[in-house]
Protein chains: 2
Amino acid sequence: MSRQITPTQVDSAVTRSTQTITPLSSIRIDKDASTPIYLQIAEAIGSLLASGVLPPGYVLPPERVLCAQFGISRMTLRQAMSLLDREGLINSRRGVGTVVTHSRLRKQEQEALSFSEEIRARGGRPESRLISFELAIPTPPVRDFFELHELQKVYEIQRVRLKDGEPLALEFARLPERLCPGLERFDLARSSLYEILDQSYGIRTETCEEEISAEIPNSRQRKLLSLPARTAVLVINRKAYMEDGRPLELTRSVYRGDRYSAIIHSVRKNRSILPATGS
Amino acid sequence: MSRQITPTQVDSAVTRSTQTITPLSSIRIDKDASTPIYLQIAEAIGSLLASGVLPPGYVLPPERVLCAQFGISRMTLRQAMSLLDREGLINSRRGVGTVVTHSRLRKQEQEALSFSEEIRARGGRPESRLISFELAIPTPPVRDFFELHELQKVYEIQRVRLKDGEPLALEFARLPERLCPGLERFDLARSSLYEILDQSYGIRTETCEEEISAEIPNSRQRKLLSLPARTAVLVINRKAYMEDGRPLELTRSVYRGDRYSAIIHSVRKNRSILPATGS
DNA sequence: CTAGACCTAATGTCTAGACAAATAACGCCT
DNA sequence: AGGCGTTATTTGTCTAGACATTAGGTCTAG
């Protein structure tokens, strides 16, 4: 709101002269460092973007000028620019130049967070109350999802999830026993399930697919969530996969509709290398 | 499910010999074409990936072999590989090689679709019934969102959205008059709003931010959506921005909870050039 | 005053190398 | 067998150029 520099002023007064000092002049790189040059430059420019030193609309000096300034090859500089462009931080146009993108257009990859992480990210204090913990034979659809044989079992964990001491969600998580044998040894009311999996089993989830729907809560859900009358719930079914693509977790979460909403960032026009599927 | 080639077999029997014919041998590039070489290669490999000719786990020939095969420089090949890597289609590791990623780990960027597009993508027939169309003075929060002055007005469009002839959602869209003056001339029951904006005003939305929550419908919503008793609704508040970052659209959609659910793809660990914000 | 030709500056594409660093496989020695 | 150093293979990083393509401005001819 209180930007002193408009794009036009920047363009004419500062950018186009190679002699003038630009905000980029302050960047120093270390060619002998263990982090590659292109990363040093991308991070340096990235923090100038984040701090607002380079405002949206700012026209960067031409690549050749920057190359000379940093004493590097143009391909190396372009590797740095490519990283910034990939995240939607800058926008290069042939014959014109490179411009800092409007902050609202920066690409935010949808990030998969655990309940604890999400609550903390929203500035709350996460807690858990364990309702039940079982090692059970899965129903056929669950067994199919986990690609299990007849006799293999899954852990079924039901917890009430609290934010700042208040019930927020009811969580029913399922994990195959094969991936985390002995899970019953851990105190799931105290520790984050994702931390246990990571630290004790070396297992991390890599991608998630979530389906979000709205429902009227049943009496059990109303009781466990202390739901006021005439309140809907947000139901999130999450399928989580590991780094090698194997299914890891199948969770159904029921959130209080009056206290929680999901947030999605999306972009228009997903031009992909892959041909469109159409399903 | 019926893959004949396991990663190991591929590795030992096909990939590691530069003389043997690999599925990549079929790729032909045209150095004089208007599409750059690296794009030709990326698209060619991309379609081999999509068709399943290169199954997950398949080890690609070394870069130097491919370079020789295509008669191109290594940097050019790496530019193609970079595109594929960016979409999570392949995974390169120094000292090891490049492997085709498991299909579930392919990065799907969350895509912003209009109602019509989404219904069609799900295999349905979209329709609209116009309820009201007004040019009104916005409330202060709406005016703030659109960054308007005191007297500037916004179009307010209420429609019932149908899928295959059945009511699915109630949509309340708002657009600033300034961006699309004369919008009232168009038949919004017949044409897609996004198509009108694109074709008649040259306006496209670039990014969206959606907030999804669950509510109990009021009597008006129940009536317009022909909602059965004891059904919740999914409420989606969408903020859409144009290619230059200016706000374009503010829409509140109310979906039937028994017929619609939102789907989200997300990834774990969003390593970014930008320092973490923490808000 | 306008239309078109020309020029300039910017990014896009590409080359043919070089060295570095990580990994895995091999062979040797114990 | 088992551990350890060596070596070969592979991708990662980087260079110093070259020409192509695009956009926009300038100049000129009509």
Side-chain angles (χ1 to χ4, degrees), chain A residues 7-8 10-12 15-19 22 24 29-43 45 58-86 89-101, chain B residues 7-8 10-12 15-19 22 24 29-43 45 58-86 89-101:
Chain A
T8 322
V10 168
D11 192 354
S12 55
T15 311
R16 298 299 178 182
S17 157
T18 58
Q19 304 291 351
T22 76
L24 295 176
I29 60 170
D30 176 7
K31 291 201 181 184
D32 299 322
S34 63
T35 55
I37 297 174
Y38 74 92
L39 241 185
Q40 292 181 47
I41 293 180
E43 281 169 353
I45 297 182
Y58 180 93
V59 179
L60 294 182
E63 293 178 353
R64 289 193 155 84
V65 174
L66 291 176
C67 291
Q69 202 167 106
F70 298 138
I72 60 172
S73 166
R74 190 157 157 247
M75 288 302 275
T76 303
L77 179 76
R78 283 181 63 78
Q79 203 171 350
M81 301 303 240
S82 165
L83 281 187
L84 297 168
D85 185 78
R86 211 178 291 183
L89 300 173
I90 60 176
N91 186 268
S92 296
R93 275 169 50 207
R94 175 188 280 184
V96 181
T98 302
V99 184
V100 177
T101 309
Chain B
T8 322
V10 167
D11 192 353
S12 54
T15 312
R16 298 300 178 181
S17 157
T18 59
Q19 304 291 351
T22 76
L24 295 176
I29 60 170
D30 176 7
K31 291 201 179 184
D32 299 323
S34 63
T35 55
I37 297 174
Y38 74 91
L39 242 186
Q40 292 181 47
I41 293 179
E43 282 168 353
I45 297 181
Y58 181 93
V59 180
L60 294 182
E63 293 178 353
R64 290 191 154 86
V65 174
L66 291 176
C67 291
Q69 200 166 108
F70 298 138
I72 60 172
S73 166
R74 191 159 155 243
M75 288 301 275
T76 303
L77 180 77
R78 284 182 63 79
Q79 203 170 349
M81 300 303 243
S82 164
L83 282 186
L84 297 168
D85 185 78
R86 212 178 290 184
L89 300 173
I90 59 175
N91 187 268
S92 297
R93 274 169 51 206
R94 175 188 282 182
V96 181
T98 302
V99 183
V100 177
T101 310

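So you know, we letter chains A, B, ... as the sequences are listed, proteins then strands, and number each from 1.
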#### Entry: Closest to side chain of A:Arg64, choosing from D:dT11, D:dT21, D:dC19
D:dC19
#### Entry: Of the listed nucleotides C:dA22, D:dA23, C:dG12, the one nearest the side chain of A:Ser92
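My answer, after comparing the listed nucleotides, is C:dG12.
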Collect all protein-nucleotide pairs involving nucleotides 3-7 of chain D in which both atoms are nitrogen or oxygen and the distance is under 3.5 Å.
none

If I take atom [atom1] from residue [X] and atom [atom2] from residue [Y], how far apart are they, to the nearest 0.5 angstrom?
X: B:Thr22; Y: B:Tyr58; atom1: OG1; atom2: OH; value: 4.5 Å
X: B:Leu77; Y: B:Gln69; atom1: CG; atom2: CD; value: 10.0 Å
X: B:Gln79; Y: B:Leu84; atom1: CD; atom2: CG; value: 11.5 Å

Shortest non-hydrogen separation from [X] to [Y] and the atoms involved:
X: B:Met81; Y: B:Ile45; answer: SD-CD1, 4.5 Å
X: B:Lys31; Y: B:Ile37; answer: CG-CD1, 4.0 Å
X: B:Leu24; Y: B:Phe70; answer: O-CE2, 4.2 Å
X: B:Ile41; Y: B:Ile29; answer: CG1-CG2, 3.7 Å

Could you pull out the protein-nucleic contacts involving nucleotides 4-6 of chain C (nitrogen or oxygen on both sides, under 3.5 Å)?
none

### Backbone of A:Ser92 reached by a side-chain donor or acceptor of A:Thr98 within 3.5 Å
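Here the side-chain-to-backbone pair does not exist.
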Pairs under 3.5 angstrom, nitrogen or oxygen only, protein versus nucleotides 14-16 of chain D, please.
{"from": "D:dC14", "atom 1": "OP1", "to": "A:Ile37", "atom 2": "N", "distance (Å)": "2.5"}
{"from": "D:dC14", "atom 1": "OP2", "to": "A:Ile37", "atom 2": "N", "distance (Å)": "3.4"}
{"from": "D:dC14", "atom 1": "OP2", "to": "A:Tyr38", "atom 2": "N", "distance (Å)": "3.3"}
{"from": "D:dT15", "atom 1": "OP2", "to": "A:Ser73", "atom 2": "N", "distance (Å)": "2.9"}
{"from": "D:dT15", "atom 1": "OP2", "to": "A:Thr76", "atom 2": "OG1", "distance (Å)": "2.7"}
{"from": "D:dA16", "atom 1": "N7", "to": "A:Ser73", "atom 2": "OG", "distance (Å)": "3.0"}

### Task
Using the test side-chain contact (heavy atoms from CB on, under 4.5 Å), find all partners of B:Ser34 that sit at least two apart in sequence or belong to another chain.
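Here no residue qualifies.
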### Query
Sequence neighbours excluded, which residues qualify as salt bridge (Lys or Arg N to Asp or Glu O under 4.0 Å) partners of B:Glu63?
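Residues passing salt bridge (Lys or Arg N to Asp or Glu O under 4.0 Å) with B:Glu63: B:Arg74, B:Arg78.
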### Message
I want to check one thing: is the phosphate of C:dT11, taken as OP1 and OP2, less than 4.0 Å away from some side-chain N or O of A:Thr98?
### Response
yes
[X] [atom1] - [N] [atom2] separation (whole Å):
X: B:Arg78; N: C:dG17; atom1: CZ; atom2: P; value: 18 Å
X: B:Arg94; N: D:dG12; atom1: CZ; atom2: P; value: 7 Å
X: A:Glu63; N: D:dG17; atom1: CD; atom2: P; value: 17 Å
X: A:Asp32; N: D:dT13; atom1: CG; atom2: C1'; value: 14 Å

### Message
Between A:Leu39 and A:Leu83, is the side-chain contact (heavy atoms from CB on, under 4.5 Å) condition met? List the steps.
### Response
CA-CA 8 Å; A:Leu39 241 185; A:Leu83 281 187; 4.3 Å; yes
### Task
Go through the steps for A:Leu89 and A:Thr101 under the test side-chain contact (heavy atoms from CB on, under 4.5 Å), then give the verdict.
CA-CA 5 Å; A:Leu89 300 173; A:Thr101 309; 5.5 Å; no
### Query
How is B:Arg93 classified with respect to the nucleic acid when contacts are heavy atoms under 4.0 Å: base, sugar-phosphate, or nothing?
sugar-phosphate
### Query
Does B:Arg93 CZ have over 12 foreign heavy atoms under 6.0 Å away?
no
### Message
Report for the helix from C:dC1-D:dG30 to C:dT30-D:dA1: angle between first-end and last-end helix axes, five pairs each, rounded to 10 degrees.
### Response
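Inter-axis angle at the ends, rounded: 10°.
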